[in-house]
Amino acid sequence: MPFSPLGSRLGRRRHFGSLGWQIVVGPVSVAAALAACGSAGSSPQDGPGADAGSFVNEGGTIGRFVTGGGDDASSAAVVASALQFVPMATTLTVDGTTPQTTAFQLQATVNGQVESVAPTSLQFDRPDLATATIGSPVSVTASGVYGGVGTLHALFGGLEATAKLTIVVAQRDLGTVPGTVATALDNAGTTPSDAAVTTIAYPYDKTVFPLGLTAPIVMWTAPTGGMHANDVYRLHLSEGAYTYDGYATTPLPTTSPDPSAAQWAIPQAVWDRVTASNSGPSDPLHVVLSRYDAGTMTAAASASLTWTVAPASLRGAIYYWTASRSTALDGGAVASVGHITRMAPGTGAQPVQLNSGRCMGCHAVSADGTTLVAAIDDPATAPADPPYVLSWQNPPTRPWAVFDVSQAAPQAGFQSTEYGADIAVTPDGAYTVWGAPTNATGSQVLSLSNTKTGALVTTSGLDALLGPLSGNVLSMPAFSPNGTMLAAVQSPSSGDNVLPNSPKAIVYVDYAAGSQTFGATLNTVVLATDSALAANETALAYPSFSPDNKYVAFHAGTQSTGCQNGCDDTSPDDGQLYIAPVSGGGAIRLAAIDDPPNASDRNTSVEPTFDPTPAGGYSWVVFTSMRAWGNMAWPVAAGEDVTKTENFKRRLWVAAIDPNVGTVDPSHPAFYLTGQDDTPNMRGFWANAQCIATPAPGQPGPTCTQGFECCSGFCTNGTCASVSTLACKPVSGACSSASDCCNGGAGVSCNGGMCMVDVIAK
């Protein structure tokens, strides 16, 4: 029967010898601890003159005792020799909507007797999953929203007991589909056997998705005509703790006039819940599309995919260049004037133009996300009407300008009087490398300047090292995330920084940030003659260091820039992505990125840029591709060839890359970056400072409304949270304060960096 921890006959036991403790040598010796146990105070905190020690009880729970003070029987507490939950583990299945409650009975063994008790303190370590209520028995109520595993932590009689609760969500959305049809689809199995629908065009199989993204749109080609207008589809998502089944009749919502272009946008709330309930790469997300044929009244599985959910968001923002403003010229021609746009890669993201949409071009962003430097057309010297003449003569019409992007509203800063191209920014944003032709002031090819003032660093050694190089020049520079190296493309010649079709190498030079000096040696990363490159892929371009500074990604093709044939969607730029060790060893083709299922979408990937910070166990690369986005119908822009509209679209894509690069392809299939401008977009750069950090447990933090606002990718109850760190620390877990611990401050303290049960010897 339940009883009070104070006032019962069991509660008055005060003799150390009856507690069944095994003394562990800690802050005091065993002998001293035994001698000190004749009396104890009532406070769990060490006070002046008190002696402290640690112990392990029969159940293995780590705790600590405190001695000192009086021996007042009224302050005596129950002590137990064993404590456990019944059951010690259970599973609760919820429907994704309705809360469900289950019970755990806490049982204590005191003086050889086992009794059901109510805990003196209780905490469930996954508040996103469920809430717990003290009682006998303890009740735990799952919200019905998220799936996962949590641990119940209870204190009683100086001991801790734990119980595991696994919450499984099984969500079913019938819509208007008859139950008999849904049942037929449920019974169709998971092995594809549908002859009419055999593949899913997008997303790709084996894609790795981070948290916080806009829900993907599943796209396929559906049979049309006759009874097929009444066909019913089932979309099945399943992982360890969450299953979702949705049912819908064709024609499904689509952006294409083609009636066979079926699209199913996964509901955003479902996607958020599924990804938040996923436990990471070891918990694959299985996708099965099934079709009920209205003519034959039979159901079959159509296609299946497997995705991976990385337990982190793509932090911050991506800055990219877009040729988005079209202006009519004399003779009927059309010119596109580009600007820089910022967007967060996540739910609800909207592109934001920088500098009021003013024409800007070549750009780079510091690894810390504070500084953007871009070539900007100067209206004071540029011709009044397009096309603009980009000149490096003094004064230039394309100087480089600086923007502080650490704030929500980017602020314009210094504007140089030097021609801006081939820009690279140090990781802290303090210095900028910029390119200029041989007749520009202060440099032969590349120069280093103070970002805030533009002052040229004449002692950097860059000019002396990177001069004519016996007929060679360097371009497309990029700093490593740790700021110790500068990579570049080595080429025989350069004209307006548009390289010919034969850059011969990706190289790097060492950089000392403390003295702003470069090394005296060019180090080769990869040559255009590398055996991994196709015979016609002699144009190497856009090197980018991996987050660990050990590898360089780049593209290789027959042309070296993304605008060789015009920065629009009328003609494709060919290219494939590669990665190579900085230390040498040859290029590795990123085949999973380069080879989407549709053969016509291949050889269209260029301009890779790494996120300088890994997330969720992966490195992430944003790149430009002119592949199709499934069966999405693109709007026709001014001057475009309508016949090419569905094939050539210059857009940004993102892909995961394994951090441990060996000798085989470390990449994963890419996903479309939803939320970008519906215009020709290219050359994305990451900035990691545009997200809300997860507050410490128990501490308030800035409010959020969408997952993409959070560095963790997860916004719960208006506060950013990390699914991997929501849980409090168990007894014996590492801590920095009591607030880190389950039941911290209510019977558990952080002692010596470890969570320990507070016990007062009586």
Side-chain angles (χ1 to χ4, degrees), residues 203-204 206-210 213 308 310 312-321 343-346 363-365 367 369 424 427 476 478-481 487 489 506 525-526 532 540-557 562 573 575-582 587-596 601-627 650-662 664-674 676 681-688:
Y204 308 136
K206 309 301 182 184
T207 299
V208 179
F209 289 103
L213 289 183
T308 297
S313 74
L314 298 186
R315 304 172 180 179
I318 292 177
Y319 293 82
Y320 60 90
W321 185 83
M343 68 164 292
H363 64 287
V365 180
M476 302 182 181
F479 278 100
S480 60
V489 175
I506 302 290
V525 176
V526 64
L540 312 183
Y542 296 109
S544 177
F545 283 95
S546 61
D548 62 4
N549 310 284
K550 296 180 180 179
Y551 299 88
V552 172
F554 61 95
H555 91 236
D573 289 315
Q576 301 186 79
L577 304 189
Y578 293 83
I579 194 169
V582 172
I588 302 168
R589 182 170 173 266
L590 300 179
I593 295 176
D594 293 331
D595 296 337
D601 290 335
R602 299 174 184 175
N603 197 32
T604 63
S605 301
V606 297
E607 303 172 345
T609 305
F610 271 109
D611 183 338
T613 303
Y618 297 92
S619 299
W620 301 88
V621 65
V622 60
F623 63 98
T624 307
S625 182
M626 298 190 77
R627 66 182 71 186
R650 195 183 304 274
R651 299 295 185 272
L652 298 179
W653 292 68
V654 174
I657 295 180
D658 294 329
N660 298 319
V661 181
V664 298
D665 175 26
S667 69
H668 299 266
F671 58 86
Y672 180 78
L673 189 60
T674 307
Q676 60 187 294
N681 305 322
M682 57 192 299
R683 200 68 176 113
F685 276 88
W686 301 84
N688 291 331

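Atom set for the values below is all heavy atoms of this structure, side chains included, hydrogens, waters and symmetry mates excluded. The model shown is predicted, which means the values in this text are computed figures rather than measured ones.
Annotation: side-chain contact (heavy atoms from CB on, under 4.5 Å) contacts of Ala556 (sequence neighbours excluded): Leu533, Glu537, Leu540, Phe554, Tyr578. Remark: Asp665 pairs with no residue by the salt bridge (charged side-chain N to carboxylate O under 4.0 Å, His left out) rule, at least two apart or across chains. Applying the side-chain hydrogen bond (donor to acceptor under 3.5 Å, both in side chains) test to Asn549 and every residue at least two apart in sequence or in another chain returns nothing. Residues satisfying the side-chain contact (heavy atoms from CB on, under 4.5 Å) criterion with Ala655, sequence neighbours excluded, are Ile593, Val621, Phe623, Ala670. With sequence neighbours left out, Asn681 forms a side-chain hydrogen bond (donor to acceptor under 3.5 Å, both in side chains) with Thr322, Gln676, Thr679. Under the ring-ring contact (aromatic ring centres under 6.0 Å, His included) criterion, Tyr551 pairs with no residue at all, not counting sequence neighbours.
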Check your understanding: Yes or no on side chain to side chain contact (heavy atoms under 4.5 Å, CB included) for Trp686 and Leu314, after CA distance, side-chain angles and deciding distance?
Key -> CA-CA 9 Å; Trp686 301 84; Leu314 298 186; 3.8 Å; yes

**Study point:** Working for side chain to side chain contact (heavy atoms under 4.5 Å, CB included), residues Leu673 and Met343
**Key:** CA-CA 10 Å; Leu673 189 60; Met343 68 164 292; 4.1 Å; yes

**Study point:** Worked verdict on Asp594 versus Arg589 for side chain to side chain contact (heavy atoms under 4.5 Å, CB included)
**Key:** CA-CA 8 Å; Asp594 293 331; Arg589 182 170 173 266; 3.5 Å; yes

Check your understanding: Stepwise, does the side chain to side chain contact (heavy atoms under 4.5 Å, CB included) test hold for Ile579 with Phe610?
Key -> CA-CA 11 Å; Ile579 194 169; Phe610 271 109; 4.0 Å; yes

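Atom-to-atom distance recorded for Arg651:CZ and Tyr320:OH is 9.0 Å, nearest 0.5 angstrom. From Thr604, atom OG1 reaches atom CZ of Arg650 across 10.5 Å, with rounding to the nearest 0.5 Å. Rounding to the nearest 0.5 Å places CD1 of Ile318 at 7.0 Å from CG of Leu652. Here OG of Ser667 is found 10.0 Å from CD1 of Ile588. Values are rounded to the nearest 0.5 Å. We find the OG-CZ distance between Ser605 and Arg627 to be 4.0 Å, quoted to the nearest 0.5 Å. Interatomic distance, Trp620 CH2 to Asp611 CG, rounded to the nearest 0.5 Å: 9.5 Å.
With hydrogens and angles disregarded, no donor-acceptor distance shorter than 3.5 Å links the side chain of Asp658 to the backbone of Asn660.
Arg602 places a side-chain heavy atom less than 4.5 Å from the side chain of Pro596.
Nearest heavy atoms, Pro608 versus Leu577: CD-CD2, 3.8 Å. Across Gln576 and Asn603, no two heavy atoms sit closer than the pair CG-OD1, 3.3 Å. For the residue pair Ala541 and Val489, the shortest heavy atom distance occurs at CA-CG2, 3.9 Å. Here the closest heavy-atom approach between residue Ala587 and residue Ala580 is recorded as CA-CB, 4.0 Å.
Side-chain contact annotation: Thr609 with Arg683, donor-acceptor N/O pair under 3.5 Å present.
Taking the six-membered ring wherever Trp is involved, the centroid distance between the rings of His363 and Phe685 falls below 6.0 Å.
Classification of the His555-Tyr542 ring pair by plane angle, with boundaries at 30° and 60°, yields tilted.
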